[in-house]
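Notes follow the structure.
Order of listing sets the numbers, starting from 1, for every ligand and every atom in it. In what follows, residues are counted from 1 in the order of the sequence shown. A quick note: this is a predicted structure, and the numbers were derived from the prediction, not measured.
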Amino acid sequence: MQQDQLKRAVAEAALAYVEKGEILGVGTGSTANFFIDALASIKHHIPAAVASSKATAERLQRLGIEVVDLNAVDSISVYVDGADEINAQLHMIKGGGGALTREKIVAAVAKKFICIADASKQVDVLGKFPLPIEVIPMASAYIARELVKLGGKPILRQGFMTDNGNVILDTHGLSIVHPTELESILNQLTGVVTNGLFALRPANVLLVGTKEGVKTVVAS
Ligand code: 5RP
């Protein structure tokens, strides 16, 4: 099966987790886009959605789903999003699409995080995918030096600005054996807005697309 077919399969499987009449959180990226397209069939059950990026907001609105500001809602029942890598503990690297900050905020609010991914995203140890780190532009050289001290090789994502007006350092070479610890360390660096480790708030459920079908992994 092609990777896109696997992405579509997990996106459709995620519809079962959408709670009728509840505000839905929606992620960013190609797998999340398959999910948005699949939402068309149940959009009458969704009063509104909170989007994790401008691109997702536009795609939802094109489908006729109302998009509301996170500050206007008290809670989000379910957040559905993809990942760049995910381990057995459902810790993730996210931010390949550059939306990590808003994704992490929506995930923090959501009661349940459903990660949708094709099997290529499953890893034993996080870190082969360069870790995206969103940084205030004036701090980028300082943060890059700090990341080198931590053993990383940061590369400024060229020609890219996040929805929040910041830059991204894609950080290669980190073998992330203790994801929660590294997430906390990176959060302490002054000038870092968000790092792409989603370990302190991991996914609750992983729907993974394999040649044998969609498999469900629930966080222990
Ligand atoms: C965007 C993300 C995406 O979830 C991640 O990059 C996966 O994308 P895709 O579904 O296109 O493989 O974190 O910031």
Side-chain angles (χ1 to χ4, degrees), residues 1-15 17 24-39 49-60 70 76 78-87 90-110 112-123 126-135 155 157-172 176 179 183 186 192-210 214:
M1 241 201 273
Q2 302 281 330
Q3 198 179 21
D4 275 357
Q5 288 174 283
L6 300 178
K7 290 180 181 184
R8 187 177 289 112
V10 290
E12 287 171 359
L15 293 180
Y17 290 83
L24 177 68
V26 184
T28 298
S30 58
T31 318
N33 282 345
F34 281 117
F35 175 66
I36 297 170
D37 296 346
L39 281 176
V50 172
S52 61
S53 64
K54 291 178 184 170
T56 287
E58 283 163 18
R59 201 175 180 101
L60 285 163
L70 181 59
I76 294 173
V78 172
Y79 177 57
V80 179
D81 198 0
D84 298 302
E85 283 186 350
I86 185 161
N87 69 14
L90 308 193
H91 301 150
M92 295 160 280
I93 286 182
K94 291 184 48 54
L100 61 164
T101 297
R102 295 186 186 200
E103 292 173 338
K104 204 177 261 198
I105 293 168
V106 183
V109 174
K112 212 181 270 182
F113 185 147
I114 312 298
C115 179
I116 50 177
D118 65 86
S120 71
K121 307 290 183 67
Q122 282 186 300
V123 297
L126 298 171
K128 197 165 173 206
F129 189 92
L131 181 66
I133 302 181
E134 181 168 350
V135 173
I155 310 269
R157 198 177 291 187
Q158 290 299 318
F160 186 83
M161 186 191 279
T162 69
D163 283 353
N164 315 305
N166 299 314
V167 296
I168 289 196
L169 293 170
D170 289 306
T171 306
H172 299 250
I176 305 170
E183 184 176 356
L186 295 173
V192 166
V193 176
T194 309
N195 73 81
L197 274 171
F198 283 56
L200 296 166
R201 197 280 180 252
N204 301 99
V205 176
L206 166 64
L207 299 174
V208 58
T210 73
V214 175

Residues that Phe35 engages under ring-ring contact (aromatic ring centres under 6.0 Å, His included), provided they are two or more places apart: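 Per chain and number, Phe35 pairs via ring-ring contact (aromatic ring centres under 6.0 Å, His included) with no residue.
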Which ligand 1 atoms, with their elements, are less than 4.0 angstrom from a heavy-atom of [X]?
X	result
Asp81	4 (O)
Thr28	1 (C), 2 (C), 3 (C), 4 (O)
Gly98	14 (O)
Lys7	12 (O)
Lys94	2 (C), 3 (C), 4 (O), 13 (O)
Gly82	4 (O)
Gly29	11 (O)

Within-cut-off N or O pair, Ala99 and ligand 1, under 3.5 Å: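 Checking ligand 1 against Ala99, an N or O pair does fall under 3.5 Å apart.
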Test of proximity, Gly95 against ligand 1: N or O pairs below 3.5 Å: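 Indeed, backbone or side chain, Gly95 has an N or O that close.
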Return the residue, atom name and 0.1 Å-rounded distance of the protein heavy atom closest to [atom].
atom	answer
atom 5 (C) of ligand 1	Asp84 OD1, 3.2 Å
atom 12 (O) of ligand 1	Lys121 NZ, 2.7 Å
atom 10 (O) of ligand 1	Thr31 OG1, 2.5 Å
atom 11 (O) of ligand 1	Ser30 OG, 2.5 Å

Flag, side chain of Arg157 to backbone of Gly96, donor-acceptor distance under 3.5 Å: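 Side chain of Arg157 to backbone of Gly96: a pair is present.
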Short side-chain to backbone donor-acceptor contact, Glu134 and Gly98, under 3.5 Å: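 Judged by distance alone, no pair lies under 3.5 Å.
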Given Thr28, Asp163, Val50, Val106, the one that forms side-chain contact (heavy atoms from CB on, under 4.5 Å) with Thr56: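 Of the listed residues Thr28, Asp163, Val50, Val106, the side-chain contact (heavy atoms from CB on, under 4.5 Å) partner of Thr56 is Thr28.
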Of the listed options Glu103, Glu85, Glu134, closest to atom 1 (C) of ligand 1 (non-hydrogen atoms):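 Minimum heavy-atom distance to atom 1 (C) of ligand 1 goes to Glu103.
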Ligand 1 versus Pro132: contacting region, heavy-atom distance under 4.0 Å: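 Looking at Pro132 and ligand 1, no heavy atom falls under 4.0 Å.
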Contact check, Gly27 vs ligand 1, heavy-atom distance below 4.0 Å: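 Heavy atoms of Gly27 never come under 4.0 Å of ligand 1.
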Closest non-hydrogen atom pair between Leu197 and Pro179, with its separation: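 Of all heavy-atom pairs spanning Leu197 and Pro179, the closest is CD1-O, 3.7 Å.
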Lys/Arg N to Asp/Glu carboxylate O, Glu183 vs Lys104, below 4.0 Å: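 Judged by the 4.0 Å cut-off on N to carboxylate O distance, Glu183 and Lys104 do form a salt bridge.
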Lys/Arg cation over aromatic Phe198: Lys94, 6.0 Å, 45° cone: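 Yes.
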If we only count heavy atoms from C-beta on, is the [X] to [Y] side-chain gap below 4.5 Å?
X	Y	value
Asn87	Ile176	no
Asn164	Arg102	yes
Phe113	Leu90	no

